[in-house]
Amino acid sequence: MKYLVRDKIFAIGDDYWIEDESGRQAFLVDGKALRLRDTLELKDPSGRVLITLRQKLLSLRDAMTIERDDRTLATIRKKRLSLLRNHYRVSLVDGTELDVSGRILDREFAIEYDGELLAHISRRWLRVRETYGVDVVREDSDHALLIAVAVCVIRMAEKEREDG
C-alpha cells in the first residue's frame with residue numbers, strides 16, 4: 001500500500017491529509033501549535049488519534065517519541081552519520097528495534113526490521129512537487145506506525161539541518 005505525503009505537513013500548526021494510493025484520505029496529520037514542544041498527531045479519517053509524535057525535551061541527543069493511547073510506543077534517535085546516508089534507530093517499548101537509513105532529506109530511505117524491508121520512502125514514483133510516497137511493503141505491519149516513523153525522521157533531519 002502506498003501513501004502520498006506532502007512535505008508541508010511539517011509546519012507546526014498545519015493540518016494535512018495523507019492519502020492512500022486510491023486518493024482516499026487515510027490519515028490526518030494535525031500539527032499542535034500551542035505546545036511548548038513539537039507535537040504532531042496522526043488521526044484516522046474519523047478524527048480518532050492513532051499516534052502522537054513528540055520531540056523529547058532535555059534530551060542529550062535529539063529524540064522524538066511515538067505514543068499510542070497516551071503511552072510511549074517507541075523512541076527515535078539518530079544512530080550514526082555518514083557522508084551520504086542518515087541512520088536512525090527506532091526503539092519500541094517491547095524491545096524491538098527498527099532501522100531507518102538512506103538519504104532522509106532527499107526523501108529516499110527505508111525502514112527495516114532485522115534486515116527485512118517494511119517500508120520504502122521515495123519521491124521517485126511521483127510527479128507532484130513536494131510530495132513523497134510511503135510504500136508499506138509488509139501488509140501485516142502497522143501502517144500508522146511506519147508513517148509516523150517516516151514523519152519523525154524527516155522532521156529530525158530537517159531540524160538538524162536548520163540548527164547545523
Check your understanding: Does Tyr113 belong to the same Ile/Leu/Val/Met/Phe/Trp/Tyr cluster as Val137, with side-chain heavy atoms less than 4.5 Å apart forming each link?
Key -> no
Review point. Atom CG in Leu28, atom CG in Leu40: separation rounded to 0.5 Å?
Key: 10.5 Å
Under 4.5 Å between any side-chain heavy atoms of [X] and [Y], yes or no?
| X | Y | result |
| --- | --- | --- |
| Val149 | Val100 | yes |
| Ile147 | Ile51 | no |
| Leu42 | Leu53 | no |
| Arg68 | Leu50 | no |
| Ile154 | Arg107 | yes |
| Val49 | Lys43 | yes |
| Ile121 | Tyr132 | yes |

**Study point:** Val136 backbone acceptor or donor facing Arg138 side chain under 3.5 Å
**Key:** no
Point to revise | Check: Asp69 side chain, Arg71 main-chain N or O, donor-acceptor pair, under 3.5 Å | key: no
Residue pair [X] / [Y]: nearest heavy atoms and the distance that separates them:
| X | Y | answer |
| --- | --- | --- |
| Met156 | Ile76 | CE-O, 3.6 Å |
| Ser46 | Asp44 | OG-OD1, 2.7 Å |
| Asp20 | Ala26 | N-CB, 4.1 Å |
| Leu146 | Ile111 | O-CD1, 3.6 Å |

Exercise for review: Determine whether the side chains of Glu108 and Ser122 contain a donor N or O and an acceptor N or O closer than 3.5 Å.
Suggested key: yes
Review point. With a cut-off of 6.0 Å (strictly less than), are more than 12 heavy atoms of other residues, nucleotides or ligands near CG of Asp94?
Key: yes
**Study point:** Set of salt bridge (Lys or Arg N to Asp or Glu O under 4.0 Å) partners for Glu21, sequence neighbours left out
**Key:** none
Check your understanding: Do NZ/NE/NH1/NH2 and the carboxylate oxygens of Arg77 and Glu97 come within less than 4.0 Å?
Key -> no
**Study point:** Single hit among Trp17, Phe27, Tyr16 for ring-ring contact (aromatic ring centres under 6.0 Å, His included) with Tyr3
**Key:** Phe27
